[in-house]
Amino acid sequence: MERQGDYVYIEDGAYTSANLLCIPEKYKAYIDLVFISKGQIEDRILRLAETLTSESKTRSIALIVILRGAFRFAKDLVDGIDRACYKEQFVYTIDFIRARSYVGQTQHDIILEGLDALDLEGKEVVIVEDLVDSGNTLSRVASIIREKNPASLKICVLIYKRNPENTRIVPDHIGFSVPNEWIIGYHTDYNNYFRDLPHICLLNDAGKEEFRTK
Ligand SMILES: O=P(O)(O)OC[C@H]1O[C@H](OP(=O)(O)OP(=O)(O)O)[C@H](O)[C@@H]1O
Ligand code: HPA
C-alpha cells in the first residue's frame, strides 16, 4: 500500500529509546524501544475524528468497535468526535463486537461475537479497529457487515502494519503506518499483557519469554 500523506509514516528503525519517555515500572525490563508516544497517538486521533466527521454526508454515523484491542482507540476517537462536532447536530451510535484469533504472535481461527444482532441497513457505518496486520480479521468482519446493506462502509484503523501478507485490506483512514514488527501498548497486547502501556512500543525478547503462554 503506497498512499503517503494520508497517515503518519513510521520509518523502519525509527524508534525512540524507552529511557527518554515515561514507561511504567512494571514494564521497564521488557521495553527498550518506543514507536509512537502517547501524545502523538492522541493528537493523531483528534485529526482522525475531524476527518471522519467532516466527510459524513448524513451527519450520522454508526461506529462498530472491534474489541478488545480497539477499546482505547474508540474511546479517544469518540472524545475527538464530541470535540469536533459540539457546535452542530452530529449523531453517532456505538456498537461493540469481539474478534479474537491470536495466541502470542500466532494467528488461529478467528472467533467472532456480536455481529449477528447488528441492524446496519442504510446506515453510514465506520469500523473502528486498533490495527491491521495480516488483514484477516478486518476482511472477515467487513464482508459480514457488507451483507447487512449499509449505505456506506468505511474502515478506520489506528495502526497499519506493513505486513506483505496483507493484500486485501486498505483502510479508508489510518493513524500510523508502522514496520512489520510485533507492537504492544495503547491497548494492543501480547497475550493480553501491556494493554495499559501508554505508548506503542516494541516488545523485547525478555518480554516475549516472560509473557509467553506457558
Ligand atoms: O490483521 P490481523 O492479522 O487479523 O490482526 C489484527 C487483529 O489482531 C488483534 O486482535 P486479537 O485476535 O489479538 O484480539 P484482541 O483484540 O482481543 O487483542 C487486533 O486487535 C486485531 O483485531
Ligand atoms: O503486532 C501486533 N500487536 C498486537 N496485537 C496484534 N495482533 C496482530 N498483530 C499484532
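Residue numbers run from 1 in the order of the sequence given. First listed ligand is number 1; within each ligand, the first listed atom is number 1.
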Looking only at distance, does I183 have an N or O less than 3.5 Å from an N or O of ligand 2?
-> yes
Check the surroundings of atom CG in D12: do more than 12 heavy atoms from other residues, nucleotides or ligands lie under 6.0 Å from it?
-> yes
Nearest non-hydrogen protein atom to atom 5 (O) of ligand 1, with distance, is Y102 CE1, 3.3 Å
Determine yes or no for a side-chain-to-main-chain donor-acceptor pair under 3.5 angstrom, with D205 supplying the side chain and K208 the backbone.
-> no
Interfacing atoms of ligand 1 (cut-off 4.0 Å, heavy-atom, R195) = 15 (P), 17 (O), 18 (O)
A student checking ligand 2 against Y102 at a 4.0 Å heavy-atom cut-off should list atoms 7 (N), 8 (C)
Identify, for atom 12 (O) of ligand 1, the protein heavy atom at the shortest distance, and state residue, atom and that distance.
-> S101 N, 2.7 Å
Can you check whether G69 has an N/O within less than 3.5 Å of an N/O in ligand 1?
-> yes
Atom indices of ligand 1, in the order listed, that fall short of 4.0 Å to a heavy atom of E129 | 21 (C), 22 (O)
Would you check if there is a donor-acceptor pair between the side chains of D76 and Y186 at a distance under 3.5 Å?
-> yes
Determine the interplanar angle of the W182 and Y190 rings, folded into 0 to 90°, and report it as parallel if under 30°, tilted if 30 to 60°, perpendicular if over 60°.
-> perpendicular
Check: T188 N/O within less than 3.5 Å of ligand 2 N/O = no
Using a strict 4.0 Å cut-off to heavy atoms of L131, name the atoms of ligand 1 that fall inside it.
-> 6 (C), 21 (C)
Compare all side-chain heavy atoms of I127 with those of C156 and state whether any distance is below 4.5 angstrom.
-> no
Does any N or O atom in G135 lie less than 3.5 angstrom from one in ligand 1, N or O only?
-> yes
Report, as yes or no, whether the 6.0 Å neighbourhood of atom CZ on R98 holds more than 12 heavy atoms from other residues, nucleotides or ligands.
-> yes
Out of E124, E129, E55, which one pairs with K154 under the salt bridge (charged side-chain N to carboxylate O under 4.0 Å, His left out) rule?
-> E55
Is there a donor-acceptor pair under 3.5 Å between the side chain of R72 and the backbone N or O of G69?
-> no
Would one find more than 12 heavy atoms of other residues, nucleotides or ligands at under 6.0 Å from atom CD of Q89?
-> no
Heteroatom proximity flag, T137 to ligand 1, N/O under 3.5 Å | yes
Which protein non-hydrogen atom lies closest to atom 9 (N) of ligand 2, naming both residue and atom, and how far is it?
-> D133 OD2, 2.7 Å
To the nearest 0.1 Å, how far is atom 1 (O) of ligand 2 from its closest protein heavy atom, and which atom is that?
-> K161 NZ, 2.6 Å
Any idea which protein heavy atom is nearest atom 19 (C) of ligand 1, and the distance to it?
-> D130 OD1, 3.4 Å
With no hydrogens and no angle check, do the side chains of D32 and Y15 hold a donor and an acceptor under 3.5 Å apart?
-> no
Parallel, tilted or perpendicular: ring planes of F211 versus F194, cut at 30 and 60 degrees | perpendicular
Who gets closest to atom 10 (O) of ligand 1 by heavy atom: S134, G104, A99?
-> A99
Check each heavy atom of L131 against ligand 2 and say whether those closer than 4.0 Å belong to the side chain, the backbone, both or neither.
-> side chain
For D189, the atoms of ligand 1 under 4.0 Å from one of its heavy atoms are 18 (O)
Atom 5 (N) of ligand 2 sits nearest the protein heavy atom W182 CZ2, 3.4 Å
